Amino acid sequence: MSLIQEKLKEVIESNEVILFMKGSPDFPQCGFSGRTAQILEACEVPFASVDVLADSAVRDGIKEYSNWPTVPQLYVRGEFVGGCDIMTEMYESGDLLKVLKPESN
Amino acid sequence: MVTPQDIQGWIASGLADSDVTVEGDGQHFEAMIICSQFDGKSLIQRHQMVYGVLGDKMKSEIHALSMKTMTPQEYNGGAEN
């Protein structure tokens with residue numbers, strides 16, 4: 001595993017909920033990233049975020065990490081959950097809350 | 001420039017037994033993909049199948065693609081998913 005992959009693994013596993021996005025939750029640089037941050041805020045869970053635009057090694061590395069070609073990407077307790085479409089669909093069905101807050105079910 | 005028809009063709013030819021509809025403006029595209037191969041697969045697996053078919057085109061030609069993935073049963077409203 002390359003250094004960047006090891007670093008990503010460490011960051012992902014040390015944050016219960018972490019969103020890799022373009023920009024920040026307050027200043028998203030892409031509509032899809034903004035929507036995913038809003039969904040997490042609507043779910044009222046604390047989450048960490050990483051701005052992939054700040055580091056091209058992270059931007060490329062995260063796509064390799066999950067074998068997923070796009071950003072945003074959500075990870076919960078170390079597991080890749082999905083991108084914007086999947087988060088939107090899971091939010092609407094209620095499944096996202098179950099993943100984010102398993103103790104409340 | 002990539003057209004919705006291009007993407008429709010790429011996905012349909014790579015996914016056997018699929019029904020693909022794509023709309024878009026050359027930058028952002030929306031695809032509806034109905035495919036019997038999605039049966040029993042998670043959403044992540046379904047999207048990865050489509051990304052796998054598109055390959056490097058996701059890195060270069062296609063800026064943003066959002067998709068809905070359904071089995072024929074789900075599309076017809078008989079979803080137990």
Side-chain angles (χ1 to χ4, degrees), chain A residues 4 12 17-23 28-40 52-53 56-100 102, chain B residues 2 4 6-8 10-11 14-15 18 20-35 37-71 73-81:
Chain A
I4 182 71
I12 288 166
V17 181
I18 183 165
L19 180 68
F20 288 79
M21 63 182 292
K22 294 179 179 173
Q29 300 296 316
C30 159
F32 297 104
S33 286
R35 183 164 3 141
T36 52
Q38 279 178 354
I39 287 174
L40 290 177
V52 303
L53 297 179
S56 65
V58 171
R59 185 178 181 173
D60 294 335
I62 196 64
K63 297 175 181 176
E64 191 185 323
Y65 187 87
S66 53
N67 186 29
W68 193 262
T70 56
V71 170
Q73 295 188 10
L74 175 69
Y75 295 80
V76 178
R77 290 180 296 281
E79 289 278 328
F80 176 54
V81 174
C84 185
D85 292 335
I86 290 180
M87 281 180 69
T88 303
E89 221 168 299
M90 288 178 75
Y91 177 62
E92 287 167 357
S93 71
D95 289 342
L96 187 63
L97 261 184
K98 290 180 198 162
V99 171
L100 290 169
Chain B
V2 176
D6 291 332
I7 297 179
Q8 192 273 338
W10 292 331
I11 298 174
L15 274 185
S18 62
V20 184
T21 317
V22 181
E23 293 176 1
D25 58 6
Q27 288 289 312
H28 295 79
F29 298 94
E30 286 187 22
M32 159 87 92
I33 305 152
I34 303 161
C35 180
Q37 293 185 66
F38 291 152
D39 195 26
K41 301 276 201 312
S42 70
L43 284 174
I44 289 179
Q45 289 169 327
R46 294 175 185 193
H47 284 227
Q48 269 168 338
M49 286 165 71
V50 179
Y51 287 144
V53 164
L54 293 171
D56 284 345
K57 295 188 182 75
M58 283 307 299
K59 291 180 190 159
S60 48
E61 287 132 281
I62 305 172
H63 170 67
L65 172 69
S66 85
M67 53 178 134
K68 277 213 181 306
T69 51
M70 284 185 265
T71 64
Q73 289 80 5
E74 288 163 3
Y75 180 71
N76 291 322
E80 69 264 42
N81 193 6

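Since this is a predicted model, take the numbers as computed values, not measurements. So you know, we letter chains A, B, ... as the sequences are listed, proteins then strands, and number each from 1. Worth knowing before you read on, the calculation uses all heavy atoms, side chains too, and leaves out hydrogens, waters and symmetry mates.
The heavy-atom pair separating A/V81 from B/I44 by the smallest distance is O-CD1, 3.1 Å.
Contact annotation for A/F80: both backbone and side-chain heavy atoms come within less than 4.5 Å of a heavy atom of chain B.
For A/E79, the CD atom counts as loosely surrounded, since its 6.0 Å shell holds 12 or fewer non-hydrogen atoms of other residues, nucleotides or ligands. Applying the 6.0 Å contact sphere to CD of B/E23 captures no more than 12 heavy atoms from other residues, nucleotides or ligands.
To the nearest 0.5 angstrom, B/E30 atom CD is 8.5 Å from A/D85 atom CG.
Of residues 59-68 of chain A, those residues lying under 4.5 Å from chain B by any heavy-atom pair are A/S66, A/N67, A/W68. Within residues 50-59 of chain B, the residues that have a heavy atom under 4.5 Å from a heavy atom of chain A are B/Y51, B/M58, listed by number.
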